[in-house]
Number of protein chains: 2
Amino acid sequence: MHNKTILIVDDEAPVRDMLRIALEMADYRCLEAENAQAAHALVIDEKPDLILLDWMLPDVSGVELARRLKRDELTAAIPIIMLTAKGEEDHKIKGLETGADDYITKPFSPRELVARLKAVLRRAGPSTPEEPLTAGGLVLDPISHRVTINGNPVDMGPTEFRLLTFFLSHQERAYTRTQLLDHVWGGNVYVEERTVDVHIRRLRKALTVDGHERYIQTVRGTGYRFSVQTAERV
Amino acid sequence: MHNKTILIVDDEAPVRDMLRIALEMADYRCLEAENAQAAHALVIDEKPDLILLDWMLPDVSGVELARRLKRDELTAAIPIIMLTAKGEEDHKIKGLETGADDYITKPFSPRELVARLKAVLRRAGPSTPEEPLTAGGLVLDPISHRVTINGNPVDMGPTEFRLLTFFLSHQERAYTRTQLLDHVWGGNVYVEERTVDVHIRRLRKALTVDGHERYIQTVRGTGYRFSVQTAERV
DNA sequence: CACTTTGGTGACAAATATATGACAGGCGCC
DNA sequence: GGCGCCTGTCATATATTTGTCACCAAAGTG
């Protein structure tokens, strides 16, 4: 896996340069945005692993951008570090309230920056959940990377595993194929929507016991939904 | 659902060709305009889903066109991607400020174009309401895309689902068939008015419990109204 | 009551959407 | 290289949905 990508959002070019140099020294990949709109576009397109966000931005304030990002399910998981100037410290609490995961007061040393950043990244950690995910008799243990139904091991390919993981953490919710591609395949891949169907089928096949599969429902005209079928008509 | 329509606005024919080819490969429908005026006309007539707009145009600059489109309520919702040449990068910020949703710097690869475009379209995507809509014992949950009456699942086709969604958010109000076609089917479709009757019937059938349906009333000479029948005459 | 309008229904064929089986390329592993 | 497992795409089979009709019932009209 390549290095983490950090998105720098600041309107002052010298600050961006400084940040970029510090981060690239520490082997991070950097993206830069000068304003909230560009930042938003980059977040969607590039899915950075972390966002360094200046409190003050010319257009929308950084706070507002943070709030927006945290509200959007697609981007909510990305940690945000706020940059606030000395005098703005009062705001830091508010900054945290908006969903930022940490704040750094300017001026700061590159070392401090990198340290904080590492800490936040570590905390956000590998997004693999530690607890087993379950639904009905189905259990997916992220640690051992195993799936069982009523204790019987089930096996499937990597993609199906990721798909199932996603579904288990988002049960009862209908997703379009596009959304599934975004979440399970990861943003900018160019893959046919129909491909989702195929993997759904593979997953269904894997989850079939006694010729029955009680987990994935087709939502016609929309996509799919994962939920344990409560009752079955006979 | 048919494919998205993209409007290409560029004064250089070779560029337009290149774009069109790339887009048609990716199965988008393309419209082309050579100048701002033609573009504006096409936007009104065809309601493209996205506009690819060159920064430099012979008559009005692309920026100006974007600004105009974003100012008009009818067209404001259409995402715009700006094409800027290498040297014009300084302008990109300005481009975003005018209301463009993204920018691409020439030269770019077809893959990048399509990826960006998809991202923008996705972002613009339909915003589903988050809260369940209810009426009497009827509950429609937009998230799970499910309908229940007193807890019992109800099932219906996509059109009926949309129709019900519309009714639930506009209860107690009579709509003509034409209005329903506009709102539920979406403007520019040519569909017989009587078709509404049929879907109303289908929806009624789906909402029938114990031979009774208490939600949709016929407003003779006008159309239909959704409202929970409070009492039932015996 | 005879006659005119307007809405309700069941049947259909065409259009769409989804399920499935097959297949070829990519990749890691002997 | 040969082999086996994954993957993304297709082409094909199935399943649903949809827009229209023709025809019947109900509600107005005079």
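Side-chain atoms are counted along with the backbone in the values below, which use heavy atoms only and exclude waters and symmetry mates. Throughout, protein chains are lettered first and strands after them, A, B, ... in sequence-line order, and every chain is numbered starting at 1.
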**Message:** Test your reading of the model: is there a side-chain donor-acceptor pair from A:D141 to the backbone of A:R146, 3.5 Å cut-off?
**Reply:** no
**Message:** Can you list everything that forms a side-chain hydrogen bond (donor to acceptor under 3.5 Å, both in side chains) with A:Q171? Sequence neighbours excluded, please.
**Reply:** none
**Request:** Please determine if a side-chain N or O atom of A:T218 lies less than 4.0 Å away from the OP1 or OP2 oxygen of C:dA17.
**Result:** no
**Item:** Whole-Å distance separating the CD atom of A:E193 from the P atom of C:dT16
**Value:** 16 Å
**Prompt:** Does the side chain of A:R162 come under 3.5 Å of the side chain of A:T159 through a donor N or O and an acceptor N or O?
**Reply:** yes
**Message:** Distance check needed: C:dT20 P versus A:D197 CG, whole Å only.
**Reply:** 10 Å
**Message:** Does a side-chain N or O of A:R201 approach OP1 or OP2 of C:dG21 to a distance below 4.0 Å, or not?
**Reply:** yes
**Request:** Could you check how far CG of B:L180 sits from P of C:dG7, rounded to whole Å?
**Result:** 12 Å
**Item:** Donor-acceptor under 3.5 Å (A:E213 side chain, A:Y215 main chain)
**Value:** yes
**Asked** Would you say a side-chain N or O of A:R194 is under 4.0 Å from OP1 or OP2 of C:dT18?
**Response** yes
**Prompt:** Can you check the A:E213 CD to C:dA19 P distance for me, whole Å?
**Reply:** 10 Å
**Request:** If a pair satisfies ring pair (Phe, Tyr, Trp, His ring centres under 6.0 Å) and one of its residues is in residues 131-165 of chain B, list it, with sequence neighbours excluded.
**Result:** B:H145-B:F161
**Asked** Taking only side-chain nitrogens and oxygens of B:Y224, does any of them come within less than 4.0 Å of OP1 or OP2 of C:dG8?
**Response** yes
**Request:** Round to a whole Å and report the spacing from CZ of B:R204 to P of C:dT9.
**Result:** 7 Å
**Request:** Could you check which of C:dG21, C:dG8, C:dA17 has an atom nearest any side-chain atom of A:V198?
**Result:** C:dG21
**Asked** Under a criterion of less than 4.0 angstrom to any heavy atom of chain B, what are the 5'-terminal and 3'-terminal contacting nucleotides of DNA chain D?
**Response** D:dT17 to D:dA27
**Complete:** B:R202 atom CZ is separated from C:dT9 atom P, nearest whole Å, by 13 Å
**Request:** Using distance alone, with no hydrogens and no angle criterion, decide if B:R214 and B:T208 have a side-chain donor and acceptor under 3.5 Å apart.
**Result:** no
